[in-house]
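One structure is given here, and the rest of the page talks about it.
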Amino acid sequence: MVAQKRCPDTRWSWVEIDTRALRRNVRAFKDLVGDRVELMAVVKADAYGHGAERCVPIMHAAGAGQFAVATVGEGVRLREAGIGYPILVLSEPPVESVETLVEHDIMPAVFTARFALAYGECAASHGKVGRYHLAVETGMDRIGVPWDEVVAFRQQIDFHRGLECAGTFTHFATADMVEDWDFELQLKHFDEAISALHEAGFDTGLVHCDNTPATVIRPDTHMGMCRVGLGLYGLHPCDATAPRIQLEPVMSVRARVVRAIYPEIGAGVGYGMTYRVPRRNIQVATIPVGYADGLARELSNRMEVLVDGTRCRQVGNICMDACMFAVDVNPARSMNPAHPVSAGDVVTIIGRDGDDEITLDDMAEMRGTISYEVACDFGMRLEKVYV
Ligand SMILES: *Cc1c(COP(=O)(O)O)cnc(C)c1O
């Protein structure tokens, strides 16, 4: 069924990106926020491992008007790929980056006067205006100008003709918890900061605060724009979002068997030989996916892979660039594929195969982390195939 999956020429393991699912997820969010609210697609960390250069044009066509990255380098790579849409760096980068920002027309988040003025100075010297978004600290204690100091901050920098405030934003620490008091307090602080800026006569630009969970759970807080990351990739940040928006996973991770053997009973598998072949008719198959590809070593001997819609146990310690799994071809044991595997067979590490599926959330739970991290990890080195 997955035997004819497209696969890179150079290595038998890959991340498969379902571009139709991506398009549908972006449309679902655009429908949710409506025409009057901008949708900013968060494409930091190479679009959460999905490949930003390829995802951005698809997202734009499906309704995302702006894009957010975490680093200046990520923004520059998008510009060099020919992407001309507005790009925001979600934190204030080092002051040494201002030339690069101005040259590539990438907006920084701003929360120190020193950075803002250096950026404005640089923009002015190039005959440009440096557009920025003001980061407001409302309670997450990560970045931003304290919410009750925003007017004083703007008074400090607004004399500069090289600066233009294109947006004012904050970020929630607990948006994935429904009816959370800390969320309400952050929201209240943000509202007060925005009102104070307006009363003092400052232009705030686009006002925005919502990430994926806030966008889905709290439509009353959409304001001028929503910054959506995880949801666009088809993942739910918490249980509360699942009944409210229909999303489809975009990323699958697959490999092909490079070799399959029948070791002797008692033979060890992998570094440290943490698995020993217990019976006859156990096949040990190798796939070229390891911890440097995002398959965390702590999953060794604990995870499963799918072959022809059937679960097989991963065995032995996961290596840097490969791992092994066992196929029990003893006909008396029915939990494994009815037939042995051979070189070239497709194995699913994340995704659907037949009637069964292993999700990024399943793997995140096994690892004691969140799907965000698992997706980013698989994006690190594996080649991506867009289907
Ligand atoms: C990562 C990030 C987002 C997107 O969060 P999701 O939960 O993936 O939607 C939005 N805003 C800021 C400031 C972020 O750092």
Side-chain angles (χ1 to χ4, degrees), residues 22 25-26 28-30 32-33 37-50 52 55-56 59 63-72 74-75 86-93 106-111 132-145 147 166-178 180 183 186-187 190 206-219 221-242 244-245 247 249-251 360-361 364 369-377 379:
L22 179 64
N25 295 335
V26 176
F29 274 95
K30 187 60 204 166
L32 178 72
V33 301
V37 177
E38 281 262 7
L39 179 61
M40 172 177 267
V42 180
V43 295
K44 62 196 182 191
D46 205 19
Y48 295 38
H50 293 65
C55 289
V56 165
M59 291 164 150
Q66 307 214 9
F67 295 87
V69 293
T71 72
V72 178
E74 289 175 346
I87 296 176
L88 171 67
V89 180
L90 290 169
S91 189
E92 186 184 272
I106 296 167
M107 294 181 284
V110 159
F111 58 88
Y132 71 92
H133 286 227
L134 177 68
V136 184
E137 171 63 76
T138 58
M140 179 159 169
D141 285 348
R142 184 167 76 174
I143 61 160
V145 176
W147 60 277
T168 305
F169 75 102
T170 194
H171 191 51
F172 294 118
T174 61
D176 54 348
M177 302 179 198
V178 178
D180 180 72
F183 178 93
Q186 280 197 270
L187 184 60
F190 190 53
L206 274 173
V207 176
H208 51 108
C209 55
D210 283 2
N211 55 0
T212 296
T215 301
V216 177
I217 300 170
R218 290 295 297 267
T221 62
H222 287 172
M223 304 188 191
M225 181 162 78
C226 293
R227 304 184 304 268
V228 180
L230 194 77
L232 302 182
Y233 308 105
L235 302 165
H236 283 281
C238 54
D239 291 342
T241 56
R244 296 169 204 242
I245 189 165
L247 302 172
V250 175
M251 176 187 283
L360 287 165
D361 280 311
T369 184
I370 51 178
S371 59
Y372 295 77
E373 184 177 10
V374 182
C376 288
D377 286 354

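From a predicted model like this one, the values you see are computed outputs, not experimental measurements. One-based numbering, in listed order, for ligands and for the atoms of each.
- To the nearest 0.5 Å, atoms CD (Glu137) and CZ (Arg142) are separated by 9.5 Å.
- Summary of contacts: the protein heavy atom closest to atom 7 (O) of ligand 1 is Tyr372 OH, 2.6 Å.
- An N or O contact shorter than 3.5 Å links Gly229 to ligand 1 by distance.
- Expressed to the nearest 0.5 Å, how far OG1 of Thr369 lies from CG of Leu360 amounts to 11.5 Å.
- At a heavy-atom cutoff of 4.0 Å, ligand 1 is contacted by both the backbone and the side chain of Leu230.
- Here is the list of ligand 1 atoms found below 4.0 Å of a heavy atom in Tyr48: 1 (C), 4 (C), 5 (O), 6 (P), 8 (O).
- Of all heavy-atom pairs spanning Val250 and His50, the tightest one is CG1-CD2, 3.7 Å.
- Between His208 and His133, the ring planes lie perpendicular to each other; the angle is over 60°, past the 30° to 60° tilted range.
- Taking atom 10 (C) of ligand 1 as the reference point, the nearest protein heavy-atom neighbour is Arg227 NE, 3.5 Å.
- For atom 3 (C) of ligand 1, the closest heavy atom belonging to the protein is Lys44 NZ, 3.7 Å.
- For ligand 1, the atoms closer than 4.0 angstrom to any heavy atom of Val42 are 3 (C), 4 (C).
- With rounding to the nearest 0.5 Å, the separation of OH in Tyr132 from CG in Leu88 is 12.5 Å.
- The heavy-atom pair separating Thr241 from Pro213 by the smallest distance is CG2-CA, 4.0 Å.
- Shortest non-hydrogen contact noted between Gly49 and Met251 is O-CE, 3.5 Å.
- Of the protein's non-hydrogen atoms, Thr212 OG1, 2.5 Å is the one closest to atom 9 (O) of ligand 1.
- Heavy-atom contacts of Leu90 reach the following atoms of ligand 1: 12 (C), 13 (C), 14 (C), 15 (O) (cutoff under 4.0 Å).
- Contact between Arg142 and ligand 1 is present, with at least one heavy atom of the residue lying under 4.0 Å from the ligand.
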